[in-house]
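Worth saying up front: this structure is predicted, and the values here are computed from it rather than measured. Each chain gets a letter, A, B and so on, in the order the sequences are listed, and its residues count up from 1.
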There are 2 protein chains.
Amino acid sequence: MPAPKAVPAPARRRQRDATQTRNEILDVATKEFADRGYSGARVDQIAAHTHTTKRMIYYYFGSKEQLYIAVLKQAYGAIRAAEQQIEVEHLDPVDAIRRLAELTFDHHESHPHFIRLVSIENIHHAEHLRRSPGLTTLNMPAIELIAKILERGRSSGAFTRSVDAVDLHMMISAYCVFRVANRHTFGAIFNRDLTSPALRDHYRNILAEMIVAYLTASSKQTSTAA
Amino acid sequence: MPAPKAVPAPARRRQRDATQTRNEILDVATKEFADRGYSGARVDQIAAHTHTTKRMIYYYFGSKEQLYIAVLKQAYGAIRAAEQQIEVEHLDPVDAIRRLAELTFDHHESHPHFIRLVSIENIHHAEHLRRSPGLTTLNMPAIELIAKILERGRSSGAFTRSVDAVDLHMMISAYCVFRVANRHTFGAIFNRDLTSPALRDHYRNILAEMIVAYLTASSKQTSTAA
DNA sequence: GATATAACTAACTAGTTCGTTCATTATTCC
DNA sequence: GGAATAATGAACGAACTAGTTAGTTATATC
């Protein structure tokens, strides 16, 4: 037994607190990287926005790149954790997939930082993601979930197509990610704020309708085989 | 005797050619910016990949930022020009919208540079796009085209929903852009190359089916109004 | 062929940026 | 309480980078 540590921890921040310092750096770095991109982010800026100094960034993370990788890891970890929470097994297939799409939509809506980091990582050809074991874990829970719903829908006859789970995930993600990631150029060109709160329900519903329509389409339109 | 120099200069490039130099800089800059992002791009690198020098970049474009804006302008111009070429008025509404989706798909497939520039511009909150008059021209031809098809589909009864042209454009773009823009992270996580030539027809068909299914869905699934 | 000017070049500068050095202070363990 | 170790800070520097200076050469025009 390593001491019960009966200290009441008096709401006071310890003068030296490794994990808190580390976490603060990570949080500030997340914002800076998401905001300015990898090359655009400035280590000095990150330091300036913490209660500590640049020296600590190098003490804890070693380099700008490793800090960025730590930020990526944390961001992906949060998303995976959220995916684990999705509970739609009790719904019938159509409602389940609709619910899943809506939850994905809401989740992206509330995590713009994550989406920006993903965009940034794509600009860099996912080189950091690829080099980080643990981040590329396949068999994500979200895919397993979709696969199960698709299977149920197929056997119940509710879904008229055989659809691959990863493909469906891509269809849903594409819509959700685009709306957040490309809102600035889209807004500039079409003068429409895709992420305006007033339009949120509208766009969430379109997504759900689109996915359900695709899965349940009557077979009349199959392919115009040019 | 220092060489006769009677060479007839056969189809020789002019030693001084303003437009060619300018265009070369623009082409090289497009690649550099698309490849490394705005902050990641190096003016010296761009100069090194041309037949001219860095001074010429400043001679013709004034600054890194103005060069970047010129690159953006050219890229958007090319896309607009391509959109003008789309000719689907002779097809019935369902085939027309399917064709439009497929053409959009193919167009994005063959212009990854443009998609990367758009991603990069979004990282920068579209600040350059917004400040460039002429780039934010509304009433794009693509939207007009979609609006016409939607109208025809509605009145013929082929389409069962009232859909906004900009929204439909967004749905199509989201799918096409995501597949190209996010292929690296998607590939790293799901071990699937979305842009693999072997899968191109597969993904193009999914898009077309999805859009057509949405527009022609029988009204049974409207909203599970939770 | 002389002249004007557009096109061009090499080398440089001022400022930035990542990363480090060296010294100091708090905390833990005995 | 004292030693060992973990955490911290101020200032520095080497390398890089956008932008400039000062001068040169090709081309068109007369």
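- Rounded to whole angstrom, the span from the CE atom of A/Met56 across to the P atom of C/dC18 amounts to 17 Å.
- The nearest whole Å value for the distance from the NE2 atom in A/His51 to the C1' atom in D/dA10 is 19 Å.
- To the nearest 0.5 Å, the span separating CE on A/Met171 from CD on B/Glu209 amounts to 9.5 Å.
- Scanning atom types as modelled, no donor and acceptor separated by under 3.5 angstrom connect the side chain of A/Lys54 and the base of D/dG9.
- Summarising the geometry, the separation between OH on A/Tyr58 and C1' on C/dT21 is reported as 14 Å, rounded to the nearest angstrom.
- The ring of A/Tyr38 has its center closer than 6.0 angstrom to the ring center of A/His128.
- Distance alone, capped at 3.5 Å, places no donor-acceptor pair between the A/Asp35 side chain and the A/Lys31 backbone.
- Separation of the A/Phe178 and B/Tyr175 ring centroids does not fall under the 6.0 Å cut-off.
- The phosphate of D/dG9 has OP1 or OP2 within less than 4.0 Å of a side-chain N or O from A/Thr52.
- Here B/Asp164 contributes atom CG and B/Leu150 contributes atom CG; the two are 8.5 Å apart, rounded to the nearest 0.5 Å.
- One atom, OH of A/Tyr59, and another, C1' of C/dC22, lie 15 Å apart when rounded to the nearest Å.
- Between A/Tyr60 and D/dT8 there is a side-chain polar atom (N or O) within less than 4.0 angstrom of OP1 or OP2.
- Where A/Arg42 and A/Arg55 meet DNA chain C, the nucleotide closest to each residue was compared, and A/Arg42 sits on the side nearer the 5' end.
- A/Ala41 comes within contact range of the sugar-phosphate backbone alone, with a heavy-atom separation under 4.0 Å but no base atom that close.
- Distance from the side chain of B/Asp44 is smallest for D/dA18 among the nucleotides D/dA18, C/dA7, C/dA10.
- The OH atom of B/Tyr68 sits 20 Å away from the C1' atom of D/dG19 (whole-angstrom rounding).
- When rounded to the nearest whole Å, the span between NZ of A/Lys64 and P of C/dT20 equals 15 Å.
- Between B/Ser63 and the phosphate of D/dA18, there is no side-chain N or O to OP1/OP2 separation shorter than 4.0 Å.
- Regarding B/Phe61, its CZ atom lies at a distance of 16 Å from the C1' atom of D/dA18, rounded to whole Å.
- Between the CZ atom of A/Arg36 and the P atom of C/dC18 there is a distance of 12 Å, rounded to whole Å.
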